[in-house]
Amino acid sequence: MFNKRTKIKELLASEKRNYEVTIMGWVRTFRNNQFIAINDGSTNNNLQIVTALGMLDDATLKRITTGACIKAVGDIIPSLGKGQKVELKATSIEILGDSDAEKFPLQPKKHSLEFLREIAHLRFKTNTFGAIFRVRHSLAFAVHKFFNDKGFVYLHTPIITASDAEGAGEMFKVTTLPLDGTAPKNDDGSINFKDDFFGRSTNLTVSGQLEGELAAMAFSDIYTFGPTFRAENSNTTRHLAEFWMIEPEVAFNDLEDNMNLAEEFIKYIIRYAMENNKEDLDFLAQRLEEEEKLKPQNDRSEMGLMEKLDFVVNNDFERLTYTEAIEILKESNHNKKKKFQYLIEGWGVDLQSEHERYLVEKHFKKPVILTDYPAAIKAFYMRQNDDGKTVAAMDILAPGIGEIVGGSQREERLDKLLKRMEEMHIPAEELHWYLDTRKFGSCPMQVLALALSDWCNL
RNA sequence: GGAUGAAUAGCUCAAUGGUAGAGCUGCGGCUUGUUAAGCCGAUGGUUGUAGGUUCGAGCCCUUCUUCAUCCGCCA
């Protein structure tokens with residue numbers, strides 16, 4: 001019987017009228033003992049079910065409460081009211097699952113995100129989380145579609161890994177050894193992992209990019225898209241212990257190709273969500289706008305959600321070097337009037353979010369790609385430039401956030417790579433498998449890394 | 001990890017050191033083409049925790065906990 005169900009999304013999108021459907025979903029509100037707003041998660045919009053007065057007995061009527069799961073059968077007709085095009089004139093209503101109104105925490109009104117976090121197990125039932133996760137789904141699907149259409153191979157890199165030399169952050173330990181102090185120890189008192197599940201110390205991955213490179217050296221074009229874990233005690237909206245990261249690796253590309261791919265990719269997935277989740281995005285934009293209004297004037301964001309998305313999709317990204325950016329920042333009135341919390345003194349310092357946002361929002365008024373960063377502030381595997389002090393790295397800067405994508409051309413020359421690793425005190429023996437790729441058919445290549453969760457913050 | 005701020009009814013918030021209130025939800029009733037329905041009514045509290053100052057503490061001081069914002073780390 002369940003397979004006869006019609007999804008509310010299909011029903012609302014259709015021009016068809018005067019036909020019988022079966023609807024199943026959860027009650028959002030019950031107005032006037034007569035009008036049920038029901039949602040089944042297929043869309044942010046509710047369907048209005050109309051019950052004739054006297055059609056339901058008092059006992060059933062009382063069970064139609066916010067949160068209750070119901071089945072409704074009836075005819076789709078043009079709505080007699082003003083708020084919706086169609087409504088379901090019910091011929092029967094069945095309660096599938098009761099929801100005690102005195103105990104159900106969700107009320108037919110707006111809740112704060114703080115409160116929703118406390119009832120995290122129920123928050124998918126809200127408009128806000130419904131919209132967020134439908135958008136997130138679209139972005140994830142668009143990622144796969146984008147790369148598949150370009151002939152990339154989707155690679156699953158290990159989640160549990162013994163590789164720990166990437167320096168990307170603190171790691172979560174994975175072990176089956178007892179934690180009560182009885183784990184086997186070496187002579188020096190350290191834990192002996194020979195008896196552990198994998199026979200050695202293992203962690204959750206902080207990045208699959210080095211493994212991704214191995215595959216790119218065979219398939220040419222690959223991407224990873226999977227969970228990543230960082231055990232850092234970070235306390236910002238941009239840092240999670242668990243997030244999904246997208247890392248394309250492309251052989252035979254240089255930094256220029258890298259930038260082109262990244263710009264095309266970003267615009268593609270945003271455009272995809274804008275086309276497929278307009279109602280969800282409109283709802284989120286409206287909710288964000290309401291919250292902005294509560295903030296003091298100075299703290300308000302200059303752009304709304306849709307403006308930010310248009311800003312990224314409709315502008316050619318400005319490309320310049322780190323060195324040029326430092327000059328612009330140093331000479332800016334913002335810097336001279338000491339409005340930056342961290343003033344730009346000279347070449348070599350890492351940029352703060354405030355500097356990145358100044359370049360994007362104030363100076364260029366378009367997304368910005370910075371290239372050729374000082375080697376000292378970037379990772380060992382990035383390709384060293386001929387000037388001897390910069391590397392072929394690039395960061396894409398977005399409005400309101402700052403860095404949203406980081407990428408680089410890889411150092412394909414074994415001697416230079418080894419020298420760099422030595423300077424940064426990275427033991428070559430732990431990365432023998434990585435170094436092998438530079439020995440057997442090395443080639444120019446590039447990589448990007450970006451986190452899906454960041455996009456959900458936009 | 002650092003700085004700042006916050007914690008009062010189920011939710012969102014008020015309350016000069018002097019009797020803890022409102023709106024909404026939920027509950028009872030009325031109404032019935034409503035749009036977070038409307039009208040009436042009764043409920044609802046050890047003011048995050050543990051101490052201290054005071055005749056008297058939601059308010060002042062100290063401890064702890066949790067959360068938020070910014071910074072750091074990073075994606």
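Chain naming here is simple, since letters A, B, ... match the order of the sequence lines and numbering starts at 1 in each. Note: hydrogens, waters and symmetry copies are ignored here, and every other heavy atom, side chains too, is used.
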Mark up nucleotides 40-48 of chain B, 5' to 3', with B wherever a protein heavy atom is under 4.0 angstrom from a base atom, S wherever such an atom reaches only the sugar-phosphate, and - elsewhere.
---------
Partners passing salt bridge (Lys or Arg N to Asp or Glu O under 4.0 Å) against K366(A) (at least two apart in sequence or in another chain)
E318(A)
Sequence-aligned protein contact record of nucleotides 25-31 of chain B, with B where the base is within under 4.0 Å of a protein heavy atom and S where only the sugar-phosphate is:
SSSS--B
Holding to side-chain contact (heavy atoms from CB on, under 4.5 Å), I want the full list of residues that pass it with E102(A), two or more places apart in sequence or in another chain.
D100(A)
Contacts of I328(A) that satisfy side-chain contact (heavy atoms from CB on, under 4.5 Å) - sequence neighbours left out:
L320(A), L359(A), H363(A), F364(A)
Nearest to side-chain heavy atoms of F115(A), which nucleotide of C67(B), U34(B), C11(B):
C11(B)
Measure from the side chain of H239(A), starting at C-beta and using heavy atoms only, and say which of C73(B), C67(B), G33(B) lies closest.
C73(B)
Here RNA chain B, pairs taken as Watson-Crick or G-U under 3.5 Å and shown with ( ), [ ] when crossing and | when to another strand, reads (((((((..((((....[..))))..((((.......))))......(.(((..]....))).))))))))....
Among all residues two or more places apart in sequence or in another chain, which pass the ring pair (Phe, Tyr, Trp, His ring centres under 6.0 Å) test with H156(A)?
Y154(A)
N/O contacts under 3.5 Å, protein versus nucleotides 69-71 of chain B?
{"from": "C70(B)", "atom 1": "N4", "to": "N235(A)", "atom 2": "O", "distance (Å)": "3.4"}
{"from": "C71(B)", "atom 1": "O2'", "to": "Y342(A)", "atom 2": "OH", "distance (Å)": "3.2"}
{"from": "C71(B)", "atom 1": "N4", "to": "N235(A)", "atom 2": "O", "distance (Å)": "3.1"}

Under the ring-ring contact (aromatic ring centres under 6.0 Å, His included) rule, what pairs show up with a residue in residues 335-360 of chain A, not counting sequence neighbours?
Y322(A)-W347(A), H334(A)-F340(A), H334(A)-Y358(A), F340(A)-H355(A), F340(A)-Y358(A)
Any salt bridge (Lys or Arg N to Asp or Glu O under 4.0 Å) pairs touching residues 346-357 of chain A, not counting sequence neighbours?
R357(A)-E361(A)
So what does L53(A) touch, heavy atoms closer than 4.0 Å: a base, only the sugar-phosphate, or nothing?
sugar-phosphate
Among residues at least two apart in sequence or on other chains, which ones pass side-chain contact (heavy atoms from CB on, under 4.5 Å) with D395(A)?
Y373(A), K378(A), L397(A), E403(A)
Among all residues two or more places apart in sequence or in another chain, which pass the side-chain contact (heavy atoms from CB on, under 4.5 Å) test with K125(A)?
W26(A), F104(A), L106(A), L122(A)
